[in-house]
Amino acid sequence: EPVNLTALVELEMDGARSRYFIGPKNGGLEIEHANEEITVITPQSPLGENLMGKQAGQRWTAKLGGSTVKYHLASVS
């Protein structure tokens with residue numbers, strides 16, 4: 001299933017794993033759930049734009065803040 005609004009994603013960036021919730025607003029809000037930190041991002045944010053439409057297992061490279069970052073979309077729910 002592709003990343004869309006309200007998706008919860010686990011993303012690996014240069015070897016570090018993070019979890020994000022794709023929300024319509026409140027980007028940057030951090031939530032703790034089941035002892036894990038989840039950051040809310042919007043589809044309009046640079047990272048949100050990179051994630052929209054991608055599917056679990058996909059890998060890609062993108063520029064973020066002047067640096068090139070390697071991404072791996074570990075899971076989408």
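Quick note: residue numbers are just sequence positions, from 1.
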Contacts of type salt bridge (charged side-chain N to carboxylate O under 4.0 Å, His left out), residue Glu12, not counting sequence neighbours: Arg17
To the nearest 0.5 angstrom, please state how far the [atom1] atom of [X] sits from the [atom2] atom of [Y].
| X | Y | atom1 | atom2 | value |
| --- | --- | --- | --- | --- |
| Lys63 | Asn50 | NZ | CG | 12.5 Å |
| Tyr71 | Asp14 | OH | CG | 8.5 Å |
| Thr39 | Asn26 | OG1 | CG | 12.5 Å |
| Ile38 | His33 | CD1 | NE2 | 6.0 Å |
| Met13 | His72 | CE | NE2 | 13.5 Å |

For a quick test of reading the model, state the closest non-hydrogen atom pair linking [X] to [Y] and the distance between them.
| X | Y | answer |
| --- | --- | --- |
| Leu5 | Pro43 | CD1-CG, 3.9 Å |
| Met52 | Ile22 | SD-CG2, 4.0 Å |
| Ala7 | Val76 | CB-CG1, 4.2 Å |
| Trp60 | Leu11 | CH2-CD1, 3.9 Å |
| Ala74 | Ala56 | O-CB, 4.1 Å |
| Thr61 | Lys70 | OG1-CG, 4.1 Å |

query: Are the side chains of Phe21 and Ile31 in touch, meaning some heavy atoms are under 4.5 Å apart?
result: no
- prompt: Is there side-chain contact between Leu8 and Arg19, with at least one heavy-atom pair below 4.5 Å?
  reply: yes
message: Please determine whether residues Leu47 and Leu29 belong to a single hydrophobic cluster, defined as Ile, Leu, Val, Met, Phe, Trp and Tyr linked transitively by side-chain heavy-atom distances below 4.5 Å.
response: no
- prompt: Is it true that atom CD of Glu1 has more than 12 heavy atoms of other residues, nucleotides or ligands lying nearer than 6.0 Å?
  reply: no
